[in-house]
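Following: one structure in C-alpha coordinates, then a few remarks.
Throughout, numbering of the chain's residues begins at 1 and tracks the sequence. We use all heavy atoms of the structure for the numbers below, so side chains are in, but hydrogens, waters and symmetry mates are not.
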Amino acid sequence: NEKTIDYKSLFALIEKLCVILQQMGISPNDRICLLLSNSIEFIISYYSLNKLGAIVVPIDYNAKLDVIEYIIGNSGATFLITDLSKPIDLSYNNIKTHEIKKDIDKYELNIIPLIHSKNIDTPNIDSDTNLIIFTTGTTGFKKGVILTNNAIINATNAIKAMMKIPEKPTEIIAMPLSRSFGLARMRCVFSNGGTIVLSKGLLNPAFFIKQIIDLKVIGFGLVPAGIRILTSKFSSYLNKLGSQIQYIELGSSEFDPDEKTNLQKLMPNTNIFMHYGLTEASRSTFLNFKNSDKIHTIGKPLPGVKIAICDNDFNFLDTNECGRILINSEWMTSGYFGEDLNSCFFKQWLITDDIGKIDNDGYIYFISRESDIINFLGYKFSHIEIERVINNSGLVNESCVILAQNPNPHIVAFIIINERNLTLSKNLKEICAQKLESYKIPSDFIVCEKIEKTDSGKIKRKMMNEKYFGKSN
(Lines give C-alpha, C1' and ligand atoms only; values in the text may rest on other atoms or scores of the structure.)
Protein backbone atom coordinates (compact mmCIF):
# COMPACT_ATOMS: atom_id res chain seq x y z
CA ASN A 1 0.00 0.00 0.00
CA GLU A 2 2.94 2.31 -0.74
CA LYS A 3 3.93 2.36 2.94
CA THR A 4 7.60 2.95 3.72
CA ILE A 5 9.49 2.55 6.97
CA ASP A 6 13.12 3.10 8.00
CA TYR A 7 15.19 0.96 10.34
CA LYS A 8 14.91 3.31 13.32
CA SER A 9 11.12 3.32 13.11
CA LEU A 10 11.05 -0.45 12.57
CA PHE A 11 13.12 -1.05 15.71
CA ALA A 12 10.80 1.21 17.73
CA LEU A 13 7.73 -0.71 16.53
CA ILE A 14 9.37 -4.05 17.35
CA GLU A 15 10.11 -2.83 20.89
CA LYS A 16 6.54 -1.56 21.31
CA LEU A 17 5.00 -4.85 20.17
CA CYS A 18 7.39 -6.77 22.45
CA VAL A 19 5.97 -4.92 25.45
CA ILE A 20 2.39 -5.66 24.35
CA LEU A 21 3.11 -9.37 23.77
CA GLN A 22 4.87 -9.70 27.12
CA GLN A 23 1.90 -8.09 28.87
CA MET A 24 -0.37 -10.62 27.16
CA GLY A 25 1.72 -13.44 28.64
CA ILE A 26 3.91 -14.55 25.73
CA SER A 27 7.11 -16.15 27.03
CA PRO A 28 10.24 -17.78 25.57
CA ASN A 29 9.55 -21.05 23.72
CA ASP A 30 5.82 -20.31 23.34
CA ARG A 31 4.63 -21.26 19.86
CA ILE A 32 2.92 -18.32 18.12
CA CYS A 33 1.21 -18.61 14.73
CA LEU A 34 1.66 -15.76 12.24
CA LEU A 35 -1.09 -15.41 9.63
CA LEU A 36 0.02 -12.28 7.77
CA SER A 37 0.66 -11.33 4.17
CA ASN A 38 3.92 -9.85 2.87
CA SER A 39 3.65 -6.71 4.96
CA ILE A 40 5.39 -4.48 7.47
CA GLU A 41 3.10 -6.06 10.06
CA PHE A 42 4.65 -9.47 9.34
CA ILE A 43 8.18 -8.11 9.79
CA ILE A 44 7.32 -6.32 13.05
CA SER A 45 5.63 -9.44 14.45
CA TYR A 46 8.35 -11.85 13.33
CA TYR A 47 11.21 -9.92 14.91
CA SER A 48 9.24 -9.08 18.06
CA LEU A 49 8.70 -12.80 18.64
CA ASN A 50 12.38 -13.46 17.86
CA LYS A 51 13.38 -10.88 20.46
CA LEU A 52 11.13 -12.46 23.06
CA GLY A 53 12.55 -15.93 22.38
CA ALA A 54 9.16 -17.22 21.21
CA ILE A 55 8.87 -19.75 18.38
CA VAL A 56 7.29 -18.48 15.16
CA VAL A 57 4.87 -20.81 13.36
CA PRO A 58 4.12 -19.06 10.03
CA ILE A 59 0.95 -19.88 8.09
CA ASP A 60 0.35 -19.07 4.43
CA TYR A 61 -1.93 -16.02 4.33
CA ASN A 62 -4.08 -17.63 1.62
CA ALA A 63 -4.39 -20.96 3.44
CA LYS A 64 -7.83 -22.55 3.72
CA LEU A 65 -9.47 -22.74 7.14
CA ASP A 66 -8.80 -26.47 7.49
CA VAL A 67 -5.07 -25.86 6.93
CA ILE A 68 -5.04 -23.07 9.52
CA GLU A 69 -6.86 -25.32 12.00
CA TYR A 70 -4.46 -28.19 11.29
CA ILE A 71 -1.34 -26.10 11.95
CA ILE A 72 -2.74 -24.45 15.09
CA GLY A 73 -3.97 -27.77 16.44
CA ASN A 74 -0.75 -29.66 15.73
CA SER A 75 1.63 -26.93 16.90
CA GLY A 76 -0.14 -26.24 20.18
CA ALA A 77 0.23 -22.50 19.51
CA THR A 78 -0.91 -20.21 22.32
CA PHE A 79 -1.62 -17.16 20.14
CA LEU A 80 -2.49 -16.36 16.54
CA ILE A 81 -1.36 -12.99 15.16
CA THR A 82 -3.19 -11.83 12.05
CA ASP A 83 -4.57 -8.59 10.56
CA LEU A 84 -7.96 -6.97 10.84
CA SER A 85 -8.98 -7.91 7.30
CA LYS A 86 -8.69 -11.64 8.06
CA PRO A 87 -11.79 -12.74 10.00
CA ILE A 88 -10.98 -16.07 11.63
CA ASP A 89 -13.49 -18.32 13.35
CA LEU A 90 -11.51 -21.03 15.08
CA SER A 91 -13.97 -21.97 17.81
CA TYR A 92 -13.85 -25.58 16.72
CA ASN A 93 -12.94 -28.97 18.11
CA ASN A 94 -10.24 -28.51 20.75
CA ILE A 95 -9.53 -24.76 20.37
CA LYS A 96 -11.31 -21.73 21.78
CA THR A 97 -10.51 -18.17 20.72
CA HIS A 98 -11.34 -14.56 21.29
CA GLU A 99 -9.96 -11.58 19.43
CA ILE A 100 -7.88 -8.76 20.91
CA LYS A 101 -7.22 -5.87 18.53
CA LYS A 102 -3.98 -3.96 19.06
CA ASP A 103 -2.71 -0.78 17.42
CA ILE A 104 1.04 -0.41 17.03
CA ASP A 105 1.08 3.19 15.88
CA LYS A 106 -0.64 3.09 12.46
CA TYR A 107 -0.25 -0.70 12.15
CA GLU A 108 -3.14 -2.83 13.39
CA LEU A 109 -2.95 -6.47 14.46
CA ASN A 110 -5.41 -9.07 15.68
CA ILE A 111 -3.75 -10.99 18.51
CA ILE A 112 -5.91 -14.03 19.25
CA PRO A 113 -5.33 -16.17 22.37
CA LEU A 114 -5.77 -19.88 21.68
CA ILE A 115 -6.97 -22.24 24.40
CA HIS A 116 -6.39 -25.94 23.65
CA SER A 117 -8.41 -28.53 25.48
CA LYS A 118 -5.65 -31.08 25.03
CA ASN A 119 -1.96 -30.83 25.83
CA ILE A 120 0.62 -30.92 23.01
CA ASP A 121 3.86 -32.74 23.88
CA THR A 122 7.06 -30.88 23.01
CA PRO A 123 9.84 -33.45 23.48
CA ASN A 124 12.30 -32.01 20.94
CA ILE A 125 11.93 -28.24 21.46
CA ASP A 126 14.89 -26.41 23.02
CA SER A 127 15.70 -22.79 23.83
CA ASP A 128 17.45 -22.24 20.46
CA THR A 129 14.34 -23.04 18.38
CA ASN A 130 13.34 -20.13 16.14
CA LEU A 131 10.81 -21.54 13.67
CA ILE A 132 8.43 -24.40 13.08
CA ILE A 133 7.40 -24.48 9.42
CA PHE A 134 4.66 -26.88 8.40
CA THR A 135 5.45 -27.87 4.85
CA THR A 136 2.58 -28.22 2.40
CA GLY A 137 4.01 -31.20 0.59
CA THR A 138 3.04 -33.06 -2.55
CA THR A 139 0.98 -35.69 -0.73
CA GLY A 140 -0.93 -33.52 1.73
CA PHE A 141 -0.21 -32.18 5.19
CA LYS A 142 3.37 -32.54 6.36
CA LYS A 143 5.09 -32.35 9.70
CA GLY A 144 6.38 -29.25 11.46
CA VAL A 145 10.02 -28.67 10.51
CA ILE A 146 12.06 -27.31 13.44
CA LEU A 147 14.74 -24.71 12.62
CA THR A 148 17.04 -23.24 15.25
CA ASN A 149 18.53 -19.75 15.49
CA ASN A 150 21.96 -21.22 14.83
CA ALA A 151 20.73 -22.99 11.67
CA ILE A 152 19.10 -19.80 10.39
CA ILE A 153 22.24 -17.71 10.96
CA ASN A 154 24.44 -20.30 9.24
CA ALA A 155 22.07 -20.53 6.25
CA THR A 156 21.85 -16.74 5.89
CA ASN A 157 25.62 -16.34 5.86
CA ALA A 158 26.08 -19.21 3.39
CA ILE A 159 23.49 -17.80 0.95
CA LYS A 160 25.01 -14.31 1.09
CA ALA A 161 28.50 -15.66 0.45
CA MET A 162 27.43 -17.89 -2.45
CA MET A 163 25.36 -15.20 -4.19
CA LYS A 164 27.84 -12.40 -3.36
CA ILE A 165 25.04 -10.16 -2.13
CA PRO A 166 26.43 -6.63 -1.77
CA GLU A 167 26.02 -4.29 1.18
CA LYS A 168 22.74 -2.35 1.28
CA PRO A 169 21.01 -4.08 -1.65
CA THR A 170 17.48 -3.22 -2.76
CA GLU A 171 15.56 -6.45 -3.31
CA ILE A 172 11.92 -7.13 -4.15
CA ILE A 173 10.36 -10.09 -2.34
CA ALA A 174 7.38 -11.71 -4.04
CA MET A 175 7.70 -15.12 -2.38
CA PRO A 176 5.51 -15.50 0.73
CA LEU A 177 7.33 -14.57 3.93
CA SER A 178 5.46 -17.47 5.52
CA ARG A 179 7.68 -19.92 3.60
CA SER A 180 11.38 -20.65 4.04
CA PHE A 181 12.28 -19.21 0.61
CA GLY A 182 10.79 -15.76 1.28
CA LEU A 183 11.99 -15.67 4.90
CA ALA A 184 15.57 -16.42 3.86
CA ARG A 185 15.52 -13.64 1.26
CA MET A 186 14.26 -11.21 3.93
CA ARG A 187 16.98 -12.20 6.38
CA CYS A 188 19.74 -11.90 3.77
CA VAL A 189 18.73 -8.34 2.85
CA PHE A 190 18.31 -7.17 6.45
CA SER A 191 21.59 -8.82 7.40
CA ASN A 192 23.34 -6.58 4.84
CA GLY A 193 21.44 -3.43 5.85
CA GLY A 194 19.46 -3.35 2.62
CA THR A 195 16.03 -2.23 1.46
CA ILE A 196 13.17 -4.69 1.01
CA VAL A 197 10.36 -4.00 -1.44
CA LEU A 198 7.39 -6.10 -0.35
CA SER A 199 5.31 -7.51 -3.20
CA LYS A 200 2.06 -9.48 -3.06
CA GLY A 201 3.33 -11.89 -5.72
CA LEU A 202 2.88 -11.90 -9.47
CA LEU A 203 -0.86 -11.30 -9.65
CA ASN A 204 0.13 -8.11 -11.50
CA PRO A 205 3.45 -8.91 -13.21
CA ALA A 206 3.51 -5.53 -14.99
CA PHE A 207 3.48 -3.76 -11.61
CA PHE A 208 6.25 -6.10 -10.41
CA ILE A 209 8.42 -4.98 -13.35
CA LYS A 210 7.48 -1.34 -12.70
CA GLN A 211 8.58 -1.63 -9.07
CA ILE A 212 11.94 -3.05 -10.18
CA ILE A 213 12.46 -0.09 -12.50
CA ASP A 214 11.14 2.71 -10.26
CA LEU A 215 12.82 1.52 -7.04
CA LYS A 216 16.12 0.48 -8.64
CA VAL A 217 15.84 -3.12 -7.45
CA ILE A 218 19.03 -5.16 -7.95
CA GLY A 219 17.79 -8.63 -7.02
CA PHE A 220 14.84 -10.95 -6.44
CA GLY A 221 13.85 -14.56 -5.89
CA LEU A 222 11.09 -16.52 -7.63
CA VAL A 223 10.01 -20.08 -8.32
CA PRO A 224 10.39 -21.20 -11.97
CA ALA A 225 6.67 -20.71 -12.64
CA GLY A 226 7.08 -17.05 -11.73
CA ILE A 227 10.08 -16.46 -13.96
CA ARG A 228 8.19 -18.11 -16.83
CA ILE A 229 5.44 -15.51 -16.45
CA LEU A 230 8.00 -12.71 -16.67
CA THR A 231 9.89 -14.17 -19.64
CA SER A 232 6.69 -14.89 -21.58
CA LYS A 233 5.34 -11.34 -21.25
CA PHE A 234 8.23 -9.04 -20.38
CA SER A 235 11.36 -10.57 -21.92
CA SER A 236 12.38 -7.24 -23.54
CA TYR A 237 12.21 -5.51 -20.15
CA LEU A 238 14.24 -8.26 -18.48
CA ASN A 239 16.85 -7.94 -21.20
CA LYS A 240 17.13 -4.18 -20.61
CA LEU A 241 17.19 -4.66 -16.84
CA GLY A 242 20.09 -7.13 -17.13
CA SER A 243 22.61 -4.39 -16.33
CA GLN A 244 20.62 -3.29 -13.24
CA ILE A 245 19.65 -6.66 -11.73
CA GLN A 246 22.75 -8.20 -10.18
CA TYR A 247 21.28 -11.48 -8.96
CA ILE A 248 18.22 -13.75 -9.18
CA GLU A 249 17.56 -16.81 -7.03
CA LEU A 250 15.19 -19.50 -8.32
CA GLY A 251 13.55 -22.20 -6.22
CA SER A 252 14.06 -25.88 -6.79
CA SER A 253 11.02 -26.78 -8.91
CA GLU A 254 11.41 -28.33 -12.35
CA PHE A 255 13.22 -25.98 -14.75
CA ASP A 256 14.38 -27.31 -18.09
CA PRO A 257 18.10 -26.92 -19.00
CA ASP A 258 17.09 -25.04 -22.14
CA GLU A 259 15.04 -22.63 -20.02
CA LYS A 260 18.08 -22.02 -17.81
CA THR A 261 20.31 -21.36 -20.81
CA ASN A 262 17.80 -19.05 -22.48
CA LEU A 263 17.26 -17.04 -19.29
CA GLN A 264 20.99 -16.52 -18.87
CA LYS A 265 21.29 -15.43 -22.51
CA LEU A 266 18.44 -12.97 -21.96
CA MET A 267 20.26 -11.47 -18.95
CA PRO A 268 23.95 -12.18 -19.59
CA ASN A 269 25.28 -9.80 -16.91
CA THR A 270 23.03 -11.14 -14.12
CA ASN A 271 24.15 -13.89 -11.77
CA ILE A 272 21.24 -16.33 -11.90
CA PHE A 273 21.23 -19.08 -9.30
CA MET A 274 19.01 -22.06 -8.68
CA HIS A 275 19.04 -23.79 -5.33
CA TYR A 276 18.18 -27.33 -4.34
CA GLY A 277 16.97 -28.18 -0.89
CA LEU A 278 14.02 -28.92 1.31
CA THR A 279 12.51 -26.88 4.11
CA GLU A 280 14.41 -29.36 6.30
CA ALA A 281 17.74 -28.44 4.65
CA SER A 282 17.23 -25.29 2.63
CA ARG A 283 19.78 -24.25 -0.01
CA SER A 284 21.84 -27.43 0.12
CA THR A 285 23.24 -26.86 -3.38
CA PHE A 286 23.52 -23.88 -5.72
CA LEU A 287 23.93 -23.79 -9.49
CA ASN A 288 25.10 -20.62 -11.25
CA PHE A 289 23.59 -20.62 -14.75
CA LYS A 290 26.82 -19.13 -16.13
CA ASN A 291 28.36 -22.56 -15.51
CA SER A 292 26.94 -23.84 -18.80
CA ASP A 293 28.85 -27.15 -18.72
CA LYS A 294 26.84 -28.24 -15.67
CA ILE A 295 23.48 -26.71 -16.57
CA HIS A 296 21.81 -30.16 -16.37
CA THR A 297 22.78 -30.47 -12.68
CA ILE A 298 21.45 -28.88 -9.50
CA GLY A 299 24.90 -27.59 -8.66
CA LYS A 300 27.43 -28.32 -5.94
CA PRO A 301 26.92 -28.48 -2.17
CA LEU A 302 27.59 -25.19 -0.39
CA PRO A 303 30.42 -24.95 2.14
CA GLY A 304 28.98 -26.46 5.30
CA VAL A 305 26.93 -29.05 3.37
CA LYS A 306 27.68 -32.69 2.67
CA ILE A 307 25.64 -34.81 0.26
CA ALA A 308 25.81 -38.57 -0.11
CA ILE A 309 23.98 -41.16 -2.21
CA CYS A 310 22.80 -44.43 -0.71
CA ASP A 311 20.77 -47.49 -1.66
CA ASN A 312 17.58 -48.67 0.06
CA ASP A 313 19.63 -50.31 2.83
CA PHE A 314 21.60 -47.07 3.44
CA ASN A 315 24.80 -48.39 1.94
CA PHE A 316 26.75 -45.47 0.47
CA LEU A 317 27.18 -45.53 -3.31
CA ASP A 318 30.05 -44.42 -5.54
CA THR A 319 30.08 -41.50 -7.95
CA ASN A 320 27.70 -41.76 -10.93
CA GLU A 321 25.56 -44.36 -9.13
CA CYS A 322 21.88 -43.46 -8.67
CA GLY A 323 20.27 -43.69 -5.25
CA ARG A 324 18.61 -41.77 -2.45
CA ILE A 325 20.01 -38.33 -1.60
CA LEU A 326 21.20 -37.83 2.00
CA ILE A 327 22.07 -34.37 3.36
CA ASN A 328 24.15 -33.20 6.28
CA SER A 329 24.47 -29.43 6.76
CA GLU A 330 25.15 -26.76 9.34
CA TRP A 331 21.60 -25.46 8.91
CA MET A 332 19.43 -28.53 8.53
CA THR A 333 16.43 -29.21 10.73
CA SER A 334 16.87 -30.56 14.23
CA GLY A 335 13.82 -32.76 13.64
CA TYR A 336 10.04 -32.71 13.22
CA PHE A 337 7.90 -31.17 15.91
CA GLY A 338 6.76 -33.85 18.35
CA GLU A 339 8.27 -36.67 16.27
CA ASP A 340 10.98 -39.24 16.93
CA LEU A 341 14.26 -38.17 15.30
CA ASN A 342 14.66 -41.64 13.82
CA SER A 343 11.83 -40.82 11.41
CA CYS A 344 13.97 -38.36 9.44
CA PHE A 345 17.62 -39.19 10.13
CA PHE A 346 20.04 -42.00 9.38
CA LYS A 347 22.85 -41.38 11.85
CA GLN A 348 23.80 -37.72 11.17
CA TRP A 349 22.23 -37.70 7.69
CA LEU A 350 18.85 -36.21 6.78
CA ILE A 351 16.89 -38.72 4.71
CA THR A 352 15.23 -37.23 1.62
CA ASP A 353 12.66 -38.60 -0.81
CA ASP A 354 14.90 -37.60 -3.72
CA ILE A 355 16.81 -39.79 -6.15
CA GLY A 356 20.05 -38.52 -7.67
CA LYS A 357 23.73 -39.08 -8.31
CA ILE A 358 27.06 -37.27 -7.89
CA ASP A 359 29.41 -36.90 -10.86
CA ASN A 360 33.21 -36.99 -10.80
CA ASP A 361 33.37 -33.20 -10.34
CA GLY A 362 31.11 -33.24 -7.28
CA TYR A 363 28.01 -31.88 -9.06
CA ILE A 364 24.63 -33.32 -8.10
CA TYR A 365 22.16 -34.67 -10.64
CA PHE A 366 18.54 -34.73 -9.53
CA ILE A 367 16.75 -37.68 -11.12
CA SER A 368 13.32 -37.68 -9.47
CA ARG A 369 11.50 -37.95 -6.21
CA GLU A 370 11.03 -41.53 -5.10
CA SER A 371 7.30 -40.86 -4.83
CA ASP A 372 7.40 -39.59 -8.44
CA ILE A 373 8.79 -42.82 -9.86
CA ILE A 374 6.28 -44.65 -12.07
CA ASN A 375 6.37 -48.45 -11.89
CA PHE A 376 4.52 -49.55 -15.03
CA LEU A 377 4.70 -52.73 -17.13
CA GLY A 378 7.87 -53.76 -15.32
CA TYR A 379 9.65 -50.47 -16.07
CA LYS A 380 10.59 -47.72 -13.61
CA PHE A 381 10.84 -44.14 -14.87
CA SER A 382 10.10 -40.56 -13.87
CA HIS A 383 7.05 -38.39 -14.51
CA ILE A 384 9.43 -35.50 -15.12
CA GLU A 385 10.88 -37.01 -18.31
CA ILE A 386 7.39 -37.25 -19.88
CA GLU A 387 6.33 -33.79 -18.69
CA ARG A 388 9.44 -32.23 -20.18
CA VAL A 389 8.58 -33.60 -23.63
CA ILE A 390 4.94 -32.45 -23.36
CA ASN A 391 5.86 -29.00 -22.04
CA ASN A 392 8.41 -28.47 -24.82
CA SER A 393 5.92 -29.45 -27.55
CA GLY A 394 4.65 -25.89 -27.93
CA LEU A 395 1.07 -27.20 -27.71
CA VAL A 396 0.52 -26.90 -23.96
CA ASN A 397 1.33 -24.42 -21.21
CA GLU A 398 1.86 -26.98 -18.48
CA SER A 399 1.39 -30.67 -17.71
CA CYS A 400 1.16 -33.17 -14.89
CA VAL A 401 1.70 -36.90 -15.50
CA ILE A 402 0.33 -39.62 -13.21
CA LEU A 403 -0.18 -43.36 -13.22
CA ALA A 404 -3.93 -43.96 -12.97
CA GLN A 405 -5.25 -47.34 -11.83
CA ASN A 406 -8.92 -47.24 -12.84
CA PRO A 407 -10.10 -49.26 -14.61
CA ASN A 408 -6.61 -50.60 -15.44
CA PRO A 409 -3.15 -49.07 -14.95
CA HIS A 410 -2.44 -46.41 -17.59
CA ILE A 411 -0.46 -43.20 -17.89
CA VAL A 412 -2.45 -39.98 -17.94
CA ALA A 413 -1.28 -36.43 -18.66
CA PHE A 414 -3.24 -33.46 -17.33
CA ILE A 415 -2.60 -30.45 -19.56
CA ILE A 416 -3.31 -26.73 -19.52
CA ILE A 417 -3.80 -25.20 -22.96
CA ASN A 418 -4.63 -21.83 -24.51
CA GLU A 419 -7.06 -23.16 -27.10
CA ARG A 420 -8.56 -26.50 -27.95
CA ASN A 421 -8.19 -28.33 -31.24
CA LEU A 422 -9.58 -31.69 -32.31
CA THR A 423 -6.20 -33.24 -33.07
CA LEU A 424 -4.40 -32.16 -29.89
CA SER A 425 -4.19 -35.62 -28.30
CA LYS A 426 -3.09 -37.17 -31.58
CA ASN A 427 -0.41 -34.52 -32.08
CA LEU A 428 0.90 -34.89 -28.53
CA LYS A 429 1.10 -38.67 -28.84
CA GLU A 430 3.08 -38.31 -32.07
CA ILE A 431 5.54 -35.94 -30.40
CA CYS A 432 5.90 -38.28 -27.41
CA ALA A 433 6.50 -41.22 -29.76
CA GLN A 434 9.45 -39.36 -31.29
CA LYS A 435 11.08 -38.67 -27.92
CA LEU A 436 9.97 -41.48 -25.58
CA GLU A 437 9.78 -45.23 -25.38
CA SER A 438 6.34 -46.59 -26.17
CA TYR A 439 5.50 -47.56 -22.57
CA LYS A 440 6.04 -43.93 -21.45
CA ILE A 441 3.49 -42.41 -23.85
CA PRO A 442 0.31 -41.24 -22.08
CA SER A 443 -2.82 -43.01 -23.23
CA ASP A 444 -5.02 -40.06 -22.20
CA PHE A 445 -4.56 -36.30 -22.24
CA ILE A 446 -7.02 -34.50 -19.94
CA VAL A 447 -7.47 -30.76 -20.34
CA CYS A 448 -7.81 -29.02 -16.96
CA GLU A 449 -7.96 -25.46 -15.72
CA LYS A 450 -5.49 -25.84 -12.85
CA ILE A 451 -2.67 -28.15 -11.80
CA GLU A 452 -2.53 -28.37 -8.00
CA LYS A 453 0.83 -27.35 -6.51
CA THR A 454 2.53 -26.64 -3.22
CA ASP A 455 3.63 -23.11 -2.29
CA SER A 456 7.08 -23.84 -3.70
CA GLY A 457 5.68 -24.95 -7.05
CA LYS A 458 5.90 -28.73 -6.71
CA ILE A 459 3.04 -30.64 -8.33
CA LYS A 460 0.59 -32.40 -6.00
CA ARG A 461 0.21 -35.58 -8.06
CA LYS A 462 -1.72 -37.47 -5.42
CA MET A 463 -4.26 -34.65 -5.21
CA MET A 464 -4.60 -34.51 -9.02
CA ASN A 465 -5.02 -38.28 -9.12
CA GLU A 466 -7.74 -38.27 -6.46
CA LYS A 467 -9.47 -35.23 -7.93
CA TYR A 468 -10.07 -36.92 -11.28
CA PHE A 469 -10.04 -40.64 -10.46
CA GLY A 470 -11.15 -40.81 -6.82
CA LYS A 471 -9.35 -41.79 -3.63
CA SER A 472 -9.60 -45.49 -4.37
CA ASN A 473 -7.20 -44.91 -7.27
Side-chain angles (χ1 to χ4, degrees), residues 1-14 16-17 33-51 56 58-63 81-86 103-110 131 133 152 156 159-160 163 165-223 225-227 229-230 234 241 244-251 455-457:
N1 299 324
E2 301 300 323
K3 296 177 183 176
T4 61
I5 187 171
D6 60 25
Y7 276 89
K8 183 178 179 180
S9 302
L10 180 62
F11 292 156
L13 289 168
I14 290 169
K16 188 171 183 178
L17 183 56
C33 287
L34 280 191
L35 181 62
L36 293 163
S37 63
N38 281 16
S39 60
I40 294 172
E41 288 84 351
F42 183 102
I43 295 170
I44 296 167
S45 302
Y46 176 79
Y47 282 106
S48 295
L49 293 170
N50 275 196
K51 192 171 189 299
V56 178
I59 304 176
D60 178 18
Y61 189 68
N62 297 310
I81 300 178
T82 185
D83 59 38
L84 300 189
S85 64
K86 195 81 172 174
D103 292 338
I104 299 90
D105 293 346
K106 60 183 176 181
Y107 302 101
E108 295 180 315
L109 291 170
N110 230 357
L131 275 169
I133 299 181
I152 285 168
T156 301
I159 295 166
K160 291 194 304 178
M163 296 182 65
I165 297 174
E167 291 298 311
K168 298 185 177 180
T170 297
E171 180 172 327
I172 187 167
I173 299 181
M175 300 303 299
L177 294 177
S178 57
R179 311 308 304 165
S180 61
F181 192 172
L183 269 177
R185 297 283 1 126
M186 178 188 77
R187 289 191 293 260
C188 286
V189 178
F190 279 150
S191 179
N192 277 17
T195 298
I196 286 174
V197 180
L198 291 171
S199 168
K200 296 295 177 71
L202 289 180
L203 295 176
N204 186 344
F207 184 64
F208 182 84
I209 294 291
K210 185 177 186 299
Q211 286 180 302
I212 291 175
I213 296 169
D214 293 348
L215 300 171
K216 297 180 174 57
V217 168
I218 68 163
F220 60 84
L222 285 175
V223 293
I227 204 70
I229 292 172
L230 297 184
F234 302 100
L241 287 167
Q244 173 184 319
I245 298 175
Q246 297 180 23
Y247 61 86
I248 297 172
E249 182 185 6
L250 296 180
D455 292 333
S456 59

Classify the side-chain pair Thr195/Lys168 by whether it contains a donor and acceptor separated by less than 3.5 Å. no
Hydrogens and angles aside, do Asp83 and Tyr61 bring a side-chain donor and acceptor to less than 3.5 Å of each other? yes
Shortest non-hydrogen contact from [X] toward [Y]:
| X | Y | answer |
| --- | --- | --- |
| Ile212 | Gln244 | O-NE2, 2.9 Å |
| Tyr7 | Gly193 | OH-C, 3.3 Å |
| Leu36 | Ile81 | CG-O, 3.9 Å |
| Gln211 | Leu198 | NE2-O, 4.2 Å |
| Ser199 | Phe208 | OG-CD1, 3.9 Å |
| Phe234 | Pro205 | CE1-CB, 3.7 Å |

Between [atom1] of [X] and [atom2] of [Y], what distance do you get to the nearest 0.5 Å?
| X | Y | atom1 | atom2 | result |
| --- | --- | --- | --- | --- |
| Asp214 | Phe207 | CG | CZ | 8.0 Å |
| Ile43 | Met186 | CD1 | CE | 6.0 Å |
| Leu183 | Ile133 | CG | CD1 | 5.5 Å |
| Tyr107 | Ser45 | OH | OG | 12.0 Å |
| Leu222 | Ile248 | CG | CD1 | 8.0 Å |
| Ile44 | Leu13 | CD1 | CG | 4.5 Å |

Sub-4.5 Å side-chain heavy-atom contact between [X] and [Y]:
| X | Y | answer |
| --- | --- | --- |
| Thr170 | Phe220 | no |
| Ile159 | Arg185 | yes |
| Phe190 | Tyr47 | yes |
| Phe42 | Pro176 | no |

Residues Glu41, Lys3: salt bridge by 4.0 Å N-O rule: yes
Start with the C-alpha gap between Leu109 and Thr82, add the side-chain angles, then the distance that decides, and say whether side chain to side chain contact (heavy atoms under 4.5 Å, CB included) holds. CA-CA 6 Å; Leu109 291 170; Thr82 185; over 6 Å; no
Quick check against the 3.5 Å criterion: does [X] have a side-chain atom that pairs as donor or acceptor with the backbone of [Y]?
| X | Y | result |
| --- | --- | --- |
| Ser191 | Val189 | no |
| Asn38 | Leu177 | yes |
| Ser48 | Ile14 | yes |

For Glu171 and Ile196, run side chain to side chain contact (heavy atoms under 4.5 Å, CB included): C-alpha distance rounded to whole Å, both residues' side-chain angles, the deciding distance at 0.1 Å, then the answer. CA-CA 5 Å; Glu171 180 172 327; Ile196 286 174; 5.7 Å; no
Between Val217 and Val197, does a side chain to side chain contact (heavy atoms under 4.5 Å, CB included) hold up when you go through it step by step? CA-CA 8 Å; Val217 168; Val197 180; 4.2 Å; yes
Kindly indicate, with the supporting measurements, whether the criterion side chain to side chain contact (heavy atoms under 4.5 Å, CB included) is fulfilled by Ile59 and Leu34. CA-CA 6 Å; Ile59 304 176; Leu34 280 191; over 6 Å; no
